[in-house]
Amino acid sequence: MMTIQQMEKELRVLICAQCRSQFGGDPDSVVFGMPPETIDADYAVECFSMSKLFRKSPADIARTIANMDRPEWVDSIIPAGPYINIKLTPAFLERTVFDQIDAEQTRFGWQKQDTPARVIVEYSSPNTNKPLHLGHIRNNVLGVAVVNLLRAMGNDVIPASILNDRGIHICKAMVAYRKFFEGQTPETAGMKGDHFVGMTYVRFDQESRGDESLMEEARAMLRAWEAGDPATRDLWKRMNRWVTEGFEQTYARLGSTFELVQFESDMYQEGKSLALDGVQKGIFYRREDGSIWFDLRDIGLDEKAIVRGDGTSLYLTQDLGVAVDRARRYHPDRVIYVVGSEQIYHFKALFAALGRLGFEWAAQCVHLSYGMVYLPEGKMKSREGKVIDADNLMDDMTRMALDVMEESHLQIDDADRRSIAEAIGIGAIKYFILKVGALKDIHFDPRGSLSFDGSTGAYLQYTHARIRSILNRAGEVPDTDCITGWLTQKEETTLLRKLLRFPRCLSDAAADLNPSRLALYLWELAKLYNGFYTNHRVLDAPGPEIRAARLRLCRSVAMTLRCGLELLGIRAVERM
RNA sequence: GCGCCCGUAGCUCAGCUGGAUAGAGCAACGGACUUCUAAUCCGUAGGCCGUAGGUUCGAAUCCUACCGGGCGUACCA
């Protein structure tokens, strides 16, 4: 059996061979594009870019390539001006697509690497003084999708998170707890732990506005923490535990998982010793007040502080320490940081610092940045409590989905209904985020996003459920291996051609670290399927062969939708 | 000031490393359920791809300048 990837490679080799024999060289690249709808072909290759290389007109090149010997599975290679259009034999197209999907199932389009690259993907990395909000959702959703895509491409991926569990923001929550909530726990307050601590943090902000002394207390608390004061450390541990327990629930709903969780409180010393090391080597320098700096003006940045005058560490110091620690323990080939675009400068500085300290792997660090998430009123401000809380949002979306389900005729018990509503509600958020390119800001319209119309996760899930319903009614899907050639309708061919492109969609999305490509592909696939669905019958198709062939087509589309959705972290439901 | 990102239909966005006639969705209007899930489908309408130059056989895509918006430029994280 030949896979789609092997078949495309084979075609490329043949085209190159023809170029070598006729023009004396290989083309720079052979890109398999999509012919316009009016042309009946599976691939289009443009010959413009070869024109300069071979000193012939694109049309001449197209004609020459089209004359090549073709394997028996290629139906025709037809030059059309500067393009060649390649059409596979319909039977081969069907067999290749169907057999591969049947063989690979939920791993359709995945690849194996002989020596898998080890990739650390850092994402989420929250502060432990408040619950996760919409901005974190974007981070987690992107992070999960990137992890999944890289894994599908055969990489050895380590999802990592670092909890920012120390610093003045934590102390603020602790001060407020002692002053206003002493003796209470998340249980007595009837709240999730992260929400409980978040409440103390908000309270601090409110109270400290009219009372400067609170800020003083927070600073004193930070000093006590650094000094290792037992009572302070005790409270700190307790509150951190509340928060992380709350996070675990949120992560479970979001589908975020980590293989490596580290704590800033364990790591920040490492960065400091690296800084001192750098001073010794003459890479960093001290100012009179004792602070440590390095100069990035030669690469268009500024001077950056790396340790404070009082010897305490900064954000950059911590990330330096974490990076070196991870490299030492895991020897990654790449490190991908999923962090908002407001940190672009920070990561430039971080990577530059690592490079100057002599770590060659610094060149393999990538900051995958993404845009802001705005509310209609403006940027989210966590201290003002004007945020879309992650848990609340997931609840709201789930409830919305439930309401819509109530109106439907679906006969299912309450537990199933809840679970499906959860998949739809959370899938809607995820798809809403993933379908736009990461760099774009998202203007989040809470009401609008609750709609399930158009290019949405629910649309994809609905299409999947619709197909599954047909397959369930059909019972056993007969094996049509020996009866290819029955899918002759336009919609059927278009669907097959779309399926043909799934493996490349995955590898492109993974290579660009861009899940939105996959999100878009799935929407297009679902759209094509729904077009087919309204125009043609499956179960009572005209003849048993067509019925069987269509069932197999349906099964393949459903499986591809499921594969894609799951890579995006969205559950494909059987019914809805 | 400097750096990075964004600017495509009324709104939200696609448009792959330049390539066959700029595409969707939403909103608006008009159609399609005795028929495999109408959370669907079909149709109509809507564009000087921010502006001006440049490179090219060919530009929404690459380069330059400008305009508009965002983010950053902390001994905050």
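Everything numeric in this text was worked out from a predicted model, so none of it was measured. To find a chain, count down the sequence lines: A is the first, B the second, and so on, and within it residues start at 1.
Nearest-nucleotide assignment on RNA chain B puts the 5′-proximal partner with A:Lys440, out of A:Lys440 and A:Cys47. Residue whose closest nucleotide on RNA chain B sits further toward the 5' end, between A:Ser49 and A:Val404: A:Ser49.
Closest approach to the A:Tyr462 side chain among B:U73, B:A77, B:A38 is made by B:A38 (side chain taken as heavy atoms from C-beta onward). Nearest nucleotide to the side chain of A:Tyr533, out of B:A20, B:U37, B:C13: B:U37. Side-chain proximity of A:Val538 to B:C71, B:A14, B:C36: nearest is B:C36.
Among all heavy-atom pairs drawn from A:Ser313 and A:Arg166, the shortest one is OG-NH2, 3.8 Å. Nearest approach of A:Lys440 to A:Arg138, heavy atoms of both residues: O-NH2, 2.9 Å. Of all heavy-atom pairs spanning A:Pro58 and A:Cys47, the tightest one is O-CB, 3.7 Å. Nearest approach of A:Trp486 to A:Glu545, heavy atoms of both residues: CE2-CB, 3.3 Å.
With ring centers used as reference points, A:Tyr337 lies under 6.0 Å from A:Phe351.
Electrostatic pairing of A:Glu226 and A:Arg223 does not count as a salt bridge here, judged by no charged N lying under 4.0 Å from a carboxylate O. Ionic pairing of A:Asp205 and A:Arg209 is present here: one or more N-O contacts between side-chain nitrogen and carboxylate oxygen are shorter than 4.0 angstrom. With respect to the salt-bridge test (charged N to carboxylate O, under 4.0 angstrom), the residues A:Arg501 and A:Glu524 do not qualify.
A 4.5 Å side-chain heavy-atom check between A:Leu499 and A:Leu553 finds at least one atom pair inside the cut-off.
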Nucleotide pairing, RNA chain B (Watson-Crick or G-U, distances under 3.5 Å), in dot-bracket with [ ] and |: (((((((..((((.....[...)))).(((((.......))))).....(((((..]....))))))))))))....

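Within the nucleic acid shown, A:Gln461 has no heavy atom closer than 4.0 Å to any nucleic acid atom. Residue A:Glu574 is classed as a base contact, given a heavy-atom separation below 4.0 Å to a base. Contacts of A:Gly309 with the nucleic acid, taken as non-hydrogen atoms under 4.0 Å apart, include base atoms. Among the heavy atoms of the strands lying under 4.0 Å from A:Val31 is at least one base atom, whether or not backbone atoms are also near. Among the protein residues, A:Asn514 comes within range of no part of the nucleic acid, since none of its heavy atoms lies under 4.0 Å from any strand. When heavy atoms are screened at a 4.0 angstrom cut-off, A:Asn85 is found touching base atoms of the nucleic acid. A:Arg473 comes within 4.0 angstrom of the backbone, heavy atoms only, and of no base.
Between A:Trp236 and A:Trp225, the angle of the ring planes goes over 60°, which puts this pair in the perpendicular group of the 30/60° scheme.
Between the C1' atoms of B:G25 and B:A20, the separation comes to 25 Å (whole Å).
The base of B:A38 has none of its N or O atoms less than 3.5 Å from a complementary donor or acceptor on the side chain of A:Asn530.
Dashed line: the shortest gap from a side-chain N or O of A:Arg297 to OP1 or OP2 of B:G3 is not under 4.0 Å. Put simply, A:Arg504 has no side-chain N or O that comes within less than 4.0 Å of OP1 or OP2 on B:C16.
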For nucleotides 24-31 of chain B, just jot down a letter per nucleotide in 5' to 3' order: B, S or -, based on protein non-hydrogen atoms under 4.0 Å. SSS-----

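In this structure, CD1 of A:Ile424 is placed 12 Å from C1' of B:U37, rounded to the nearest angstrom. The interatomic distance linking A:Ile299 (CD1) with B:C4 (C1') rounds to 13 Å, in whole Å. Rounded to whole angstrom, the span from the CG atom of A:Asp310 across to the C1' atom of B:C76 amounts to 13 Å.
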